[in-house]
Amino acid sequence: MIEAARAFQQHFGSPPLRLARAPGRVELLGNHTDYNQGLVMALAVDKFITVAGAPRADDTVEMVSTAFPTPARFSPDRLERDPTVPWADYPKGVLAQLREHGLALRGFNAAIHSTIPLGAGLSSSAALLVATALLVRKLYPYTLDATGRLVSLPPFSGEERPALDAAEKLALARLCQAAENRFVGVNCGLLDPISSLFGRARQVILIDCRDLAVDWTPFAPGFTVVVAHSGVRHALVAGEYNDRRATCEAAAAALGVAALREVSPELLEAKRSLLTPHQYECAVHVVGENDRVRRGATLLRAGDFDRFGQLLWQSHASSRDYFHNSCPELDTLVELARQHPACVGARLTGGGFGGATLNLVRNGAVEDFRAHLAAGYRSRTGRTMESWVCHVVDGAA
Ligand code: GLA
């Protein structure tokens, strides 16, 4: 049986009525570009959060997670953060948004199971937000139009569900982002929920965060994505993340543009004196990443994966030297990856300040590469490294 359904049965003593599932994502290229209206490439990967649920007659929501011992129990009328069950802040954030949009939400029971490793930069948080929103959509049907307006629907008969179209997926992604921004307190962009919703098997998702256009191009056949977890997660990640976002926005304002997306490398150099050193360094990273994503899309479409890999090394160097969102452990992982002949590119992936690296590795040498990384990492840092092979899958439906 599906783990989430088993956990539901165990905790609530009856089977769930509905299931919803959303994948994690890997940020392939385009670091901290999303909230700067920039360009980013991502993959939805075969690590999932599944939420099993059933409505209740009263106005209580009770949620359990196979990853945490303490259940969360609360009223949808009183949605507050609770430091004793911090994982429940994510579903609560979604419920708060749905309520704010006018959904008449009553109680329900839910059990969550994740195969997305926590804190490894694969965005288990966005998958949890998306899976929660989709579960609630099955229990208390609603649609969102392109402007984000929510309309409650009569209960669906049987298993019939209207499929999510692109406009509704975008509205849902925005709702999930708002949940994380406003309820959890991390000012993240749209990369994670868009990736979880718009993924396509064996395809790279190309997101233009200025007009929220989404496109796809085939992912490197002959190569495998290996995600390597440093095992390090810095305290104050949210504070560092929010600092970088605020700094990028201040840099854009100082340069007289709406967002760093509008800035070319030439303009940045010409107007460098208007920026503080920290603003300048952050802008160099973001402007450079946009440029690398543009060039990377051309290389992927041409099937030139070796040269695409070069952009990954460059992206990591830019994180390390300019955006300062790397750390010695991530730098070590990238240096070790460089030593292996089957790896054509590696970089930190996601927010940074700890977390994981993404490695593009030739098929056939994947296990050798993982062993090389694990042994090297142990001998250089004394730490154990976990890695995962990630297959590119369809997004949540
Ligand atoms: C985190 C955020 C994303 C994005 C990346 C960095 O994953 O959730 O919105 O900003 O960091 O690219």
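We count ligands from 1, going down the list as the structure has it; atoms in each ligand are counted the same way. The model shown is predicted, which means the values in this text are computed figures rather than measured ones.
Neither the backbone nor the side chain of Arg245 has any atom closer than 4.0 Å to an atom of ligand 1 (non-hydrogen atoms only). In Glu27, the part holding a heavy atom less than 4.0 Å from any atom of ligand 1 is the side chain.
For atom 4 (C) of ligand 1, the choice among Asp34, Val186, Thr33 with the nearest heavy atom turns out to be Asp34. Ranked by closest heavy atom to atom 8 (O) of ligand 1, the top entry among Asp192, Asn31, Leu122 is Asp192.
Under the 30°/60° scheme for interplanar angles, the aromatic rings of Tyr241 and His32 are found to be tilted. Relative ring orientation between Phe12 and Phe8 is described as tilted, the plane-to-plane angle lying within the 30° to 60° band.
Between the side chains of Asn359 and His340, no donor-acceptor pair of N or O atoms lies under 3.5 Å. Asn31 and His316 form no side-chain donor-acceptor contact under 3.5 Å, judged by distance and modelled atom types alone. In the model, Asn363 has a side-chain atom that pairs as donor or acceptor with a side-chain atom of Thr224 under 3.5 Å.
Atoms of ligand 1 found under 4.0 Å from any heavy atom of His32 (numbered from 1 in listed order, with element): 6 (C), 12 (O). Listed by atom number, the atoms of ligand 1 under 4.0 Å from Gly189 heavy atoms are 9 (O).
A donor-acceptor pair is defined here as one N or O able to donate and one able to accept, closer than 3.5 Å; such a pair exists between the side chain of Arg245 and the backbone of Asn187.
By the 3.5 Å distance cut-off applied to N or O atoms, Gly351 is counted among the residues near ligand 1.
In this structure, the protein non-hydrogen atom closest to atom 7 (O) of ligand 1 is Arg25 NH2, 2.8 Å. Scanning the protein heavy atoms around atom 10 (O) of ligand 1, the nearest turns out to be Tyr241 OH, 2.6 Å.
Under a 4.0 Å heavy-atom criterion, Gly350 is in contact with ligand 1.
Cation-pi check for Arg272 over Tyr280 is met; the charged atom lies under 6.0 angstrom from the ring centroid and within 45 degrees of its normal.
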